[in-house]
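Structure, as C-alpha coordinates:
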Amino acid sequence: MTTHPEHEQLSAYADGELGATERVAVEAHLAACGKAREMLAAIRATLADFAALDEVEMDPQVGFAIRSALARERKLSSRTRRYAWAGGAAAAALVGILSFAILGGGPNPARDASGAGLGGGPQLMAMEDLDEDSALRVLETYVQENYAFPGARGDMGGDDAAAETAVLTHAPPAPEIQAYSAADATTFADCIRTIERESDSARLVRSIAATYKGEPVYVLIFEIPAERPDRVEMWITARDSCETRYFSQANVNR
Amino acid sequence: MIEERTDHELIAAHLGGDRHAFDRIVERYEKRVWAVCLRMCGDPDDARDAAQDTFVTAFRSIGSFRGDAQLSTWLHRIAVNASLDVLRKRGRNKSQPVEDVPEIASDEAGPEEQAVRASRAAAVHAALTRLSEEHRTVIVLHDLQGLQYPEVAEALDVPVGTVKSRLHRARTEMARLLGHLKDDGTEGPASPSNVSRNRR
(Lines give C-alpha, C1' and ligand atoms only; values in the text may rest on other atoms or scores of the structure.)
Protein backbone atom coordinates (compact mmCIF):
# COMPACT_ATOMS: atom_id res chain seq x y z
CA MET A 1 0.00 0.00 0.00
CA THR A 2 1.68 3.19 -1.09
CA THR A 3 -0.94 5.87 -0.44
CA HIS A 4 -2.18 7.20 2.90
CA PRO A 5 -5.53 5.79 3.90
CA GLU A 6 -8.33 8.30 4.20
CA HIS A 7 -7.89 9.99 7.53
CA GLU A 8 -11.21 8.86 8.94
CA GLN A 9 -10.18 5.29 8.23
CA LEU A 10 -7.62 5.54 11.02
CA SER A 11 -10.34 6.59 13.47
CA ALA A 12 -12.65 3.89 12.20
CA TYR A 13 -9.76 1.43 12.49
CA ALA A 14 -9.19 2.49 16.10
CA ASP A 15 -12.91 1.89 16.72
CA GLY A 16 -12.82 -1.55 15.10
CA GLU A 17 -15.38 -0.34 12.60
CA LEU A 18 -13.61 -1.27 9.36
CA GLY A 19 -14.53 -4.23 7.22
CA ALA A 20 -11.95 -6.96 6.66
CA THR A 21 -10.65 -5.64 3.34
CA GLU A 22 -10.26 -2.07 4.59
CA ARG A 23 -8.67 -3.26 7.80
CA VAL A 24 -6.01 -5.28 5.95
CA ALA A 25 -5.26 -2.32 3.71
CA VAL A 26 -4.90 0.06 6.65
CA GLU A 27 -2.66 -2.38 8.53
CA ALA A 28 -0.45 -2.77 5.49
CA HIS A 29 -0.11 0.98 5.29
CA LEU A 30 0.58 1.30 9.01
CA ALA A 31 3.40 -1.21 8.72
CA ALA A 32 5.11 1.01 6.19
CA CYS A 33 4.21 4.55 7.29
CA GLY A 34 5.53 6.11 10.46
CA LYS A 35 3.31 9.18 10.14
CA ALA A 36 0.16 7.05 10.01
CA ARG A 37 1.35 5.14 13.07
CA GLU A 38 1.88 8.41 14.93
CA MET A 39 -1.59 9.59 14.00
CA LEU A 40 -3.11 6.32 15.17
CA ALA A 41 -1.14 6.48 18.42
CA ALA A 42 -2.37 10.03 19.02
CA ILE A 43 -5.97 8.97 18.41
CA ARG A 44 -5.61 6.06 20.78
CA ALA A 45 -4.01 8.27 23.45
CA THR A 46 -6.93 10.68 23.09
CA LEU A 47 -9.43 7.85 23.46
CA ALA A 48 -7.52 6.68 26.55
CA ASP A 49 -7.96 10.16 28.01
CA PHE A 50 -11.69 9.94 27.34
CA ALA A 51 -11.72 6.66 29.22
CA ALA A 52 -10.29 8.48 32.24
CA LEU A 53 -13.52 10.45 32.56
CA ASP A 54 -15.70 9.23 35.38
CA GLU A 55 -19.32 8.45 34.84
CA VAL A 56 -21.30 11.63 35.23
CA GLU A 57 -23.15 11.80 38.53
CA MET A 58 -26.51 13.54 38.52
CA ASP A 59 -27.34 15.85 41.38
CA PRO A 60 -30.85 15.02 42.67
CA GLN A 61 -31.70 18.70 42.25
CA VAL A 62 -31.43 18.19 38.51
CA GLY A 63 -34.14 15.54 38.73
CA PHE A 64 -36.32 17.93 40.72
CA ALA A 65 -35.71 20.67 38.19
CA ILE A 66 -36.73 18.39 35.32
CA ARG A 67 -39.90 17.28 37.10
CA SER A 68 -40.80 20.82 38.10
CA ALA A 69 -40.39 21.97 34.51
CA LEU A 70 -42.57 19.11 33.32
CA ALA A 71 -45.16 19.86 35.98
CA ARG A 72 -45.34 23.44 34.75
CA GLU A 73 -45.62 22.21 31.20
CA ARG A 74 -48.42 19.84 32.14
CA LYS A 75 -50.29 22.59 33.90
CA LEU A 76 -49.95 24.87 30.93
CA SER A 77 -51.27 22.27 28.54
CA SER A 78 -53.95 21.29 31.02
CA ARG A 79 -55.06 24.91 31.37
CA THR A 80 -55.17 25.33 27.64
CA ARG A 81 -57.50 22.36 27.40
CA ARG A 82 -59.57 23.52 30.33
CA TYR A 83 -60.15 27.01 28.99
CA ALA A 84 -61.11 25.51 25.69
CA TRP A 85 -63.74 23.40 27.43
CA ALA A 86 -65.69 25.16 30.07
CA GLY A 87 -64.02 28.11 31.67
CA GLY A 88 -64.10 28.36 35.43
CA ALA A 89 -67.62 27.20 36.18
CA ALA A 90 -66.59 23.77 37.37
CA ALA A 91 -63.92 25.24 39.61
CA ALA A 92 -66.50 27.39 41.33
CA ALA A 93 -68.59 24.29 41.94
CA LEU A 94 -65.61 22.56 43.46
CA VAL A 95 -65.23 25.34 46.00
CA GLY A 96 -68.63 24.39 47.33
CA ILE A 97 -67.59 20.78 47.75
CA LEU A 98 -64.34 21.36 49.53
CA SER A 99 -64.47 22.29 53.13
CA PHE A 100 -61.92 24.96 53.79
CA ALA A 101 -60.37 25.89 57.05
CA ILE A 102 -59.88 29.58 56.56
CA LEU A 103 -56.81 30.98 58.21
CA GLY A 104 -56.29 34.42 59.59
CA GLY A 105 -54.39 37.03 57.58
CA GLY A 106 -50.67 37.62 57.65
CA PRO A 107 -47.86 35.91 55.87
CA ASN A 108 -47.48 33.06 58.36
CA PRO A 109 -50.37 30.71 57.74
CA ALA A 110 -49.59 28.20 60.47
CA ARG A 111 -52.15 27.31 62.99
CA ASP A 112 -51.54 27.26 66.67
CA ALA A 113 -48.90 24.96 68.05
CA SER A 114 -51.39 22.21 68.73
CA GLY A 115 -51.58 21.62 65.02
CA ALA A 116 -55.28 20.86 65.17
CA GLY A 117 -56.48 19.77 61.78
CA LEU A 118 -53.02 19.19 60.42
CA GLY A 119 -52.53 15.61 61.43
CA GLY A 120 -49.95 16.18 64.09
CA GLY A 121 -46.86 16.39 61.93
CA PRO A 122 -46.56 18.79 59.06
CA GLN A 123 -47.75 21.71 61.13
CA LEU A 124 -44.23 21.99 62.44
CA MET A 125 -43.04 22.52 58.92
CA ALA A 126 -45.82 24.91 58.06
CA MET A 127 -44.67 27.21 60.83
CA GLU A 128 -41.34 27.78 59.18
CA ASP A 129 -40.41 29.00 55.76
CA LEU A 130 -39.91 25.89 53.65
CA ASP A 131 -36.98 25.07 51.42
CA GLU A 132 -36.19 21.88 49.50
CA ASP A 133 -35.04 20.01 52.58
CA SER A 134 -37.86 20.97 54.90
CA ALA A 135 -40.38 20.44 52.09
CA LEU A 136 -39.11 16.91 51.74
CA ARG A 137 -39.58 16.44 55.48
CA VAL A 138 -43.24 17.40 55.12
CA LEU A 139 -43.67 14.58 52.64
CA GLU A 140 -41.70 12.18 54.81
CA THR A 141 -43.84 13.11 57.79
CA TYR A 142 -47.00 12.35 55.88
CA VAL A 143 -45.66 8.96 54.79
CA GLN A 144 -44.51 8.12 58.30
CA GLU A 145 -47.90 9.01 59.72
CA ASN A 146 -49.88 6.94 57.30
CA TYR A 147 -47.62 4.11 56.28
CA ALA A 148 -45.55 1.56 58.14
CA PHE A 149 -42.11 0.35 57.21
CA PRO A 150 -41.44 -3.38 56.77
CA GLY A 151 -38.90 -3.41 59.56
CA ALA A 152 -39.23 -1.64 62.85
CA ARG A 153 -38.25 1.99 62.62
CA GLY A 154 -34.74 2.41 63.86
CA ASP A 155 -33.90 -1.09 62.75
CA MET A 156 -33.41 -0.35 59.10
CA GLY A 157 -29.97 -1.80 58.77
CA GLY A 158 -30.97 -5.29 57.74
CA ASP A 159 -32.65 -4.54 54.46
CA ASP A 160 -32.21 -0.99 53.30
CA ALA A 161 -34.18 -1.49 50.12
CA ALA A 162 -37.18 -2.86 51.99
CA ALA A 163 -36.92 -0.28 54.73
CA GLU A 164 -37.05 2.55 52.24
CA THR A 165 -40.44 1.51 50.93
CA ALA A 166 -43.35 2.25 53.21
CA VAL A 167 -46.42 0.04 53.41
CA LEU A 168 -49.88 1.49 53.90
CA THR A 169 -51.34 0.48 57.23
CA HIS A 170 -54.68 2.20 57.03
CA ALA A 171 -56.79 4.28 54.71
CA PRO A 172 -55.39 7.75 54.17
CA PRO A 173 -57.13 10.36 56.29
CA ALA A 174 -59.80 12.63 54.91
CA PRO A 175 -58.33 15.69 53.24
CA GLU A 176 -57.27 18.39 55.61
CA ILE A 177 -57.46 21.65 53.84
CA GLN A 178 -56.21 25.10 54.62
CA ALA A 179 -56.53 28.24 52.62
CA TYR A 180 -55.14 31.67 53.33
CA SER A 181 -58.48 33.37 53.04
CA ALA A 182 -61.93 32.92 51.63
CA ALA A 183 -60.92 34.95 48.60
CA ASP A 184 -58.11 32.51 48.03
CA ALA A 185 -60.39 29.54 47.92
CA THR A 186 -61.22 29.75 44.25
CA THR A 187 -57.59 29.91 43.22
CA PHE A 188 -56.78 27.10 45.58
CA ALA A 189 -59.55 24.88 44.29
CA ASP A 190 -58.37 25.66 40.80
CA CYS A 191 -54.88 24.50 41.69
CA ILE A 192 -56.11 21.26 43.14
CA ARG A 193 -58.38 20.64 40.26
CA THR A 194 -55.61 21.27 37.75
CA ILE A 195 -53.45 18.63 39.36
CA GLU A 196 -56.28 16.18 39.86
CA ARG A 197 -57.36 16.50 36.26
CA GLU A 198 -54.05 15.06 35.19
CA SER A 199 -54.88 11.81 36.86
CA ASP A 200 -58.38 10.49 37.25
CA SER A 201 -57.71 8.86 40.58
CA ALA A 202 -55.53 11.58 42.12
CA ARG A 203 -56.85 12.41 45.55
CA LEU A 204 -55.77 15.30 47.70
CA VAL A 205 -54.95 14.00 51.16
CA ARG A 206 -53.16 16.91 52.77
CA SER A 207 -52.99 20.60 52.11
CA ILE A 208 -50.97 23.12 54.04
CA ALA A 209 -50.87 26.85 53.54
CA ALA A 210 -47.23 27.77 54.01
CA THR A 211 -44.41 29.83 52.63
CA TYR A 212 -41.69 28.43 50.42
CA LYS A 213 -38.54 30.51 50.17
CA GLY A 214 -40.55 33.47 51.36
CA GLU A 215 -43.41 33.06 48.91
CA PRO A 216 -46.94 32.11 50.01
CA VAL A 217 -47.67 28.64 48.69
CA TYR A 218 -49.84 25.62 49.15
CA VAL A 219 -48.23 22.30 49.95
CA LEU A 220 -50.48 19.69 48.34
CA ILE A 221 -50.04 15.98 48.95
CA PHE A 222 -51.82 13.60 46.61
CA GLU A 223 -52.33 9.88 46.46
CA ILE A 224 -53.09 8.20 43.16
CA PRO A 225 -54.45 4.82 44.27
CA ALA A 226 -55.63 3.50 40.90
CA GLU A 227 -52.84 4.57 38.57
CA ARG A 228 -49.84 4.82 40.86
CA PRO A 229 -50.47 3.01 44.12
CA ASP A 230 -46.73 2.96 44.68
CA ARG A 231 -46.39 6.70 44.95
CA VAL A 232 -47.36 9.70 47.04
CA GLU A 233 -46.81 13.04 45.36
CA MET A 234 -46.21 16.43 46.86
CA TRP A 235 -46.71 19.62 44.87
CA ILE A 236 -45.82 23.03 46.19
CA THR A 237 -47.70 25.64 44.20
CA ALA A 238 -47.60 29.41 44.39
CA ARG A 239 -50.63 30.83 46.17
CA ASP A 240 -51.33 33.48 43.55
CA SER A 241 -50.36 31.88 40.27
CA CYS A 242 -50.70 28.19 41.05
CA GLU A 243 -47.34 27.66 39.38
CA THR A 244 -45.34 24.73 40.65
CA ARG A 245 -42.43 25.71 42.86
CA TYR A 246 -41.39 22.26 43.95
CA PHE A 247 -42.37 18.68 43.29
CA SER A 248 -41.36 15.46 44.98
CA GLN A 249 -42.66 11.96 45.43
CA ALA A 250 -42.29 9.12 47.90
CA ASN A 251 -42.38 5.44 47.03
CA VAL A 252 -44.89 3.40 49.01
CA ASN A 253 -46.54 0.00 48.88
CA ARG A 254 -50.13 -0.94 49.47
CA MET B 1 -41.13 -0.89 41.10
CA ILE B 2 -39.10 -1.82 38.04
CA GLU B 3 -40.60 -0.51 34.82
CA GLU B 4 -40.68 -3.34 32.32
CA ARG B 5 -42.53 -1.67 29.49
CA THR B 6 -40.47 -0.89 26.41
CA ASP B 7 -39.87 2.66 25.30
CA HIS B 8 -42.44 2.33 22.56
CA GLU B 9 -45.01 0.90 24.96
CA LEU B 10 -44.42 3.83 27.31
CA ILE B 11 -44.84 6.29 24.47
CA ALA B 12 -48.08 4.62 23.40
CA ALA B 13 -49.32 4.67 26.99
CA HIS B 14 -48.41 8.35 27.33
CA LEU B 15 -50.22 9.24 24.13
CA GLY B 16 -53.15 7.16 25.32
CA GLY B 17 -53.49 9.31 28.43
CA ASP B 18 -51.35 7.47 30.99
CA ARG B 19 -50.02 10.44 32.90
CA HIS B 20 -47.23 8.46 34.51
CA ALA B 21 -45.80 6.87 31.40
CA PHE B 22 -43.77 9.95 30.60
CA ASP B 23 -42.44 9.96 34.16
CA ARG B 24 -41.08 6.51 33.49
CA ILE B 25 -39.37 7.75 30.36
CA VAL B 26 -37.79 10.54 32.39
CA GLU B 27 -36.62 8.09 35.05
CA ARG B 28 -35.11 5.88 32.38
CA TYR B 29 -33.22 8.58 30.48
CA GLU B 30 -32.57 11.52 32.78
CA LYS B 31 -29.03 10.47 33.66
CA ARG B 32 -28.05 10.00 30.05
CA VAL B 33 -29.62 13.30 29.05
CA TRP B 34 -27.87 14.98 31.95
CA ALA B 35 -24.52 13.54 30.87
CA VAL B 36 -24.98 14.82 27.32
CA CYS B 37 -25.98 18.27 28.52
CA LEU B 38 -23.16 18.53 31.04
CA ARG B 39 -20.53 17.49 28.52
CA MET B 40 -21.94 19.73 25.85
CA CYS B 41 -22.36 22.76 28.12
CA GLY B 42 -19.45 22.25 30.48
CA ASP B 43 -21.31 24.12 33.22
CA PRO B 44 -23.75 22.43 35.63
CA ASP B 45 -26.22 25.33 35.70
CA ASP B 46 -26.38 25.50 31.93
CA ALA B 47 -26.62 21.71 31.76
CA ARG B 48 -29.55 21.69 34.20
CA ASP B 49 -31.40 24.20 32.05
CA ALA B 50 -30.64 22.17 28.94
CA ALA B 51 -31.80 18.93 30.59
CA GLN B 52 -35.07 20.60 31.61
CA ASP B 53 -35.55 21.95 28.10
CA THR B 54 -34.82 18.53 26.66
CA PHE B 55 -37.64 16.81 28.50
CA VAL B 56 -40.09 19.67 28.04
CA THR B 57 -39.38 19.61 24.30
CA ALA B 58 -39.75 15.83 24.26
CA PHE B 59 -43.03 16.11 26.19
CA ARG B 60 -44.40 18.61 23.69
CA SER B 61 -43.32 16.79 20.58
CA ILE B 62 -43.44 13.13 21.45
CA GLY B 63 -46.59 12.81 19.39
CA SER B 64 -44.46 13.31 16.31
CA PHE B 65 -41.87 10.74 17.36
CA ARG B 66 -41.40 8.18 14.61
CA GLY B 67 -42.12 4.64 15.69
CA ASP B 68 -39.19 3.20 13.77
CA ALA B 69 -36.63 5.34 15.60
CA GLN B 70 -34.90 4.74 18.91
CA LEU B 71 -36.19 6.92 21.72
CA SER B 72 -32.69 7.19 23.18
CA THR B 73 -31.31 8.51 19.89
CA TRP B 74 -34.16 10.99 19.61
CA LEU B 75 -33.56 12.23 23.15
CA HIS B 76 -29.84 12.57 22.47
CA ARG B 77 -30.66 14.72 19.48
CA ILE B 78 -32.96 16.96 21.51
CA ALA B 79 -30.40 17.18 24.32
CA VAL B 80 -27.66 18.29 21.93
CA ASN B 81 -29.88 20.97 20.42
CA ALA B 82 -31.09 22.12 23.84
CA SER B 83 -27.49 22.38 25.03
CA LEU B 84 -26.44 24.39 21.99
CA ASP B 85 -29.46 26.67 22.45
CA VAL B 86 -28.54 27.31 26.08
CA LEU B 87 -24.94 28.02 25.16
CA ARG B 88 -25.98 30.45 22.44
CA LYS B 89 -28.33 32.25 24.80
CA ARG B 90 -25.55 32.57 27.35
CA GLY B 91 -23.03 33.61 24.74
CA ARG B 92 -20.73 30.96 26.09
CA ASN B 93 -20.27 28.91 23.00
CA LYS B 94 -16.92 30.42 22.31
CA SER B 95 -13.59 28.66 22.29
CA GLN B 96 -11.45 29.16 25.33
CA PRO B 97 -7.81 30.18 24.95
CA VAL B 98 -5.56 27.22 24.36
CA GLU B 99 -3.59 27.93 27.52
CA ASP B 100 -6.72 27.04 29.54
CA VAL B 101 -6.22 23.38 28.70
CA PRO B 102 -4.34 21.83 31.63
CA GLU B 103 -1.39 19.65 30.83
CA ILE B 104 -1.90 15.96 31.29
CA ALA B 105 0.20 14.39 34.01
CA SER B 106 1.87 11.01 33.76
CA ASP B 107 -0.23 7.96 34.53
CA GLU B 108 2.70 6.28 36.28
CA ALA B 109 2.27 8.04 39.58
CA GLY B 110 1.20 4.95 41.53
CA PRO B 111 -0.51 6.31 44.63
CA GLU B 112 -1.18 9.54 42.74
CA GLU B 113 -3.29 7.69 40.24
CA GLN B 114 -6.46 9.48 41.24
CA ALA B 115 -4.84 12.87 40.87
CA VAL B 116 -3.57 11.86 37.45
CA ARG B 117 -7.02 10.72 36.47
CA ALA B 118 -8.52 13.99 37.67
CA SER B 119 -5.88 15.89 35.75
CA ARG B 120 -6.73 13.98 32.60
CA ALA B 121 -10.43 14.56 33.06
CA ALA B 122 -9.89 18.30 33.58
CA ALA B 123 -7.77 18.46 30.45
CA VAL B 124 -10.40 16.65 28.41
CA HIS B 125 -13.19 18.89 29.69
CA ALA B 126 -11.17 22.01 28.96
CA ALA B 127 -10.27 20.77 25.50
CA LEU B 128 -13.90 19.91 24.76
CA THR B 129 -14.93 23.51 25.37
CA ARG B 130 -12.48 24.58 22.68
CA LEU B 131 -13.98 22.43 19.97
CA SER B 132 -16.49 23.72 17.48
CA GLU B 133 -20.13 22.77 18.09
CA GLU B 134 -19.92 20.19 15.34
CA HIS B 135 -16.82 18.49 16.66
CA ARG B 136 -17.85 18.62 20.30
CA THR B 137 -21.16 17.04 19.42
CA VAL B 138 -19.69 14.00 17.66
CA ILE B 139 -17.12 13.47 20.41
CA VAL B 140 -19.81 13.65 23.10
CA LEU B 141 -22.25 11.37 21.30
CA HIS B 142 -19.82 8.75 20.03
CA ASP B 143 -16.78 8.75 22.28
CA LEU B 144 -18.34 9.78 25.58
CA GLN B 145 -21.96 8.59 25.33
CA GLY B 146 -21.16 5.47 23.37
CA LEU B 147 -23.59 5.90 20.48
CA GLN B 148 -22.70 3.91 17.36
CA TYR B 149 -21.95 5.60 14.03
CA PRO B 150 -25.48 5.02 12.63
CA GLU B 151 -27.05 6.32 15.85
CA VAL B 152 -24.95 9.47 15.77
CA ALA B 153 -25.88 9.88 12.11
CA GLU B 154 -29.57 9.58 12.97
CA ALA B 155 -29.28 11.93 15.94
CA LEU B 156 -27.57 14.58 13.81
CA ASP B 157 -29.50 13.81 10.63
CA VAL B 158 -26.33 13.42 8.56
CA PRO B 159 -24.88 10.46 6.61
CA VAL B 160 -22.68 7.97 8.43
CA GLY B 161 -19.74 9.02 6.25
CA THR B 162 -20.10 12.57 7.55
CA VAL B 163 -20.03 11.27 11.11
CA LYS B 164 -16.81 9.37 10.41
CA SER B 165 -15.02 12.31 8.89
CA ARG B 166 -16.26 14.75 11.55
CA LEU B 167 -15.25 12.35 14.27
CA HIS B 168 -11.76 11.95 12.89
CA ARG B 169 -11.29 15.70 12.57
CA ALA B 170 -12.66 16.21 16.07
CA ARG B 171 -10.33 13.58 17.53
CA THR B 172 -7.36 15.06 15.69
CA GLU B 173 -8.20 18.45 17.16
CA MET B 174 -8.58 16.94 20.61
CA ALA B 175 -5.27 15.10 20.19
CA ARG B 176 -3.57 18.39 19.41
CA LEU B 177 -5.22 20.18 22.33
CA LEU B 178 -4.26 17.37 24.68
CA GLY B 179 -0.69 17.37 23.41
CA HIS B 180 -0.77 13.98 21.74
CA LEU B 181 -0.20 15.42 18.30
CA LYS B 182 1.99 18.22 17.05
CA ASP B 183 0.62 20.73 14.59
CA ASP B 184 2.55 19.00 11.83
CA GLY B 185 0.56 15.83 12.45
CA THR B 186 3.26 13.88 14.25
CA GLU B 187 2.82 12.45 17.69
CA GLY B 188 3.33 15.12 20.35
CA PRO B 189 5.68 15.11 23.32
CA ALA B 190 2.99 15.38 25.94
CA SER B 191 1.47 12.00 25.24
CA PRO B 192 1.15 10.09 28.50
CA SER B 193 3.01 7.19 26.93
CA ASN B 194 5.85 9.51 25.90
CA VAL B 195 5.98 11.08 29.33
CA SER B 196 6.08 7.66 30.88
CA ARG B 197 8.94 6.61 28.66
CA ASN B 198 10.85 9.75 29.48
CA ARG B 199 10.56 9.09 33.18
CA ARG B 200 11.77 5.56 33.10
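Every chain is numbered from 1 and lettered A, B, ... according to where its sequence line falls, protein lines coming before strand lines. Any value given below was found using the heavy atoms of this structure, including those in side chains, with hydrogens, waters and symmetry copies removed.
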If one checks every heavy atom of B:I139 against chain A at 4.5 Å, the contacting part turns out to be side chain

Show the numbers, then the answer: is there a side chain to side chain contact (heavy atoms under 4.5 Å, CB included) between B:E27 and A:R67?
CA-CA 10 Å; B:E27 288 165 11; A:R67 284 161 180 77; 3.6 Å; yes

Taking every heavy atom of B:E30 against every heavy atom of A:G63, the minimum-distance pair comes out as OE1-CA, 3.8 Å

Where does A:L53 contact chain B at under 4.5 Å (heavy atoms): side chain, backbone, both or neither?
both

Quick check for you: to the nearest 0.5 Å, what is the distance between B:R166 atom CZ and A:S11 atom OG?
14.5 Å

Between B:W34 (side chain) and A:E57 (backbone), is there a donor-acceptor pair under 3.5 Å?
yes

In this structure, OG1 of B:T172 is separated from CE of A:M39 (nearest 0.5 Å) by 4.5 Å

By side-chain hydrogen bond (donor to acceptor under 3.5 Å, both in side chains) - contacts of B:Q145 (at least two apart)
B:R39

Identify which part of B:T54 has an atom lying under 4.5 Å from any heavy atom of chain A, answering side chain, backbone, both or neither.
neither

In Å and rounded to the nearest 0.5 Å, what is the CG to OG1 distance from B:D143 to A:T46?
9.0 Å

What closest approach, in Å, do A:A48 and B:R120 show between heavy atoms, and which atom pair accounts for it?
O-NH1, 3.7 Å

Supply the atom-to-atom distance A:D59 CG to B:R48 CZ, rounded to the nearest 0.5 angstrom.
9.0 Å

Under 4.5 Å from any heavy atom of chain A - which part of B:D53:
neither

When you compare the side chain of A:E73 with that of B:F55, does any pair of heavy atoms fall below 4.5 Å?
no

Which distance, rounded to the nearest 0.5 Å, do you find between the NE2 of B:H168 and the CD1 of A:I43?
4.5 Å

What residue in A:M58, A:E17, A:Q61 has the most heavy-atom pairs under 4.5 Å with chain B?
A:M58

Considering only NZ, NE, NH1 and NH2 on the basic side and carboxylate oxygens on the acidic side, decide whether B:R171 and A:D15 come within less than 4.0 Å.
yes

Residues two or more places apart in sequence or in another chain: which of them pass side-chain hydrogen bond (donor to acceptor under 3.5 Å, both in side chains) with A:Y246?
none

For a quick test of reading the model, state the closest non-hydrogen atom pair linking A:A65 to B:Q52 and the distance between them.
O-NE2, 3.2 Å

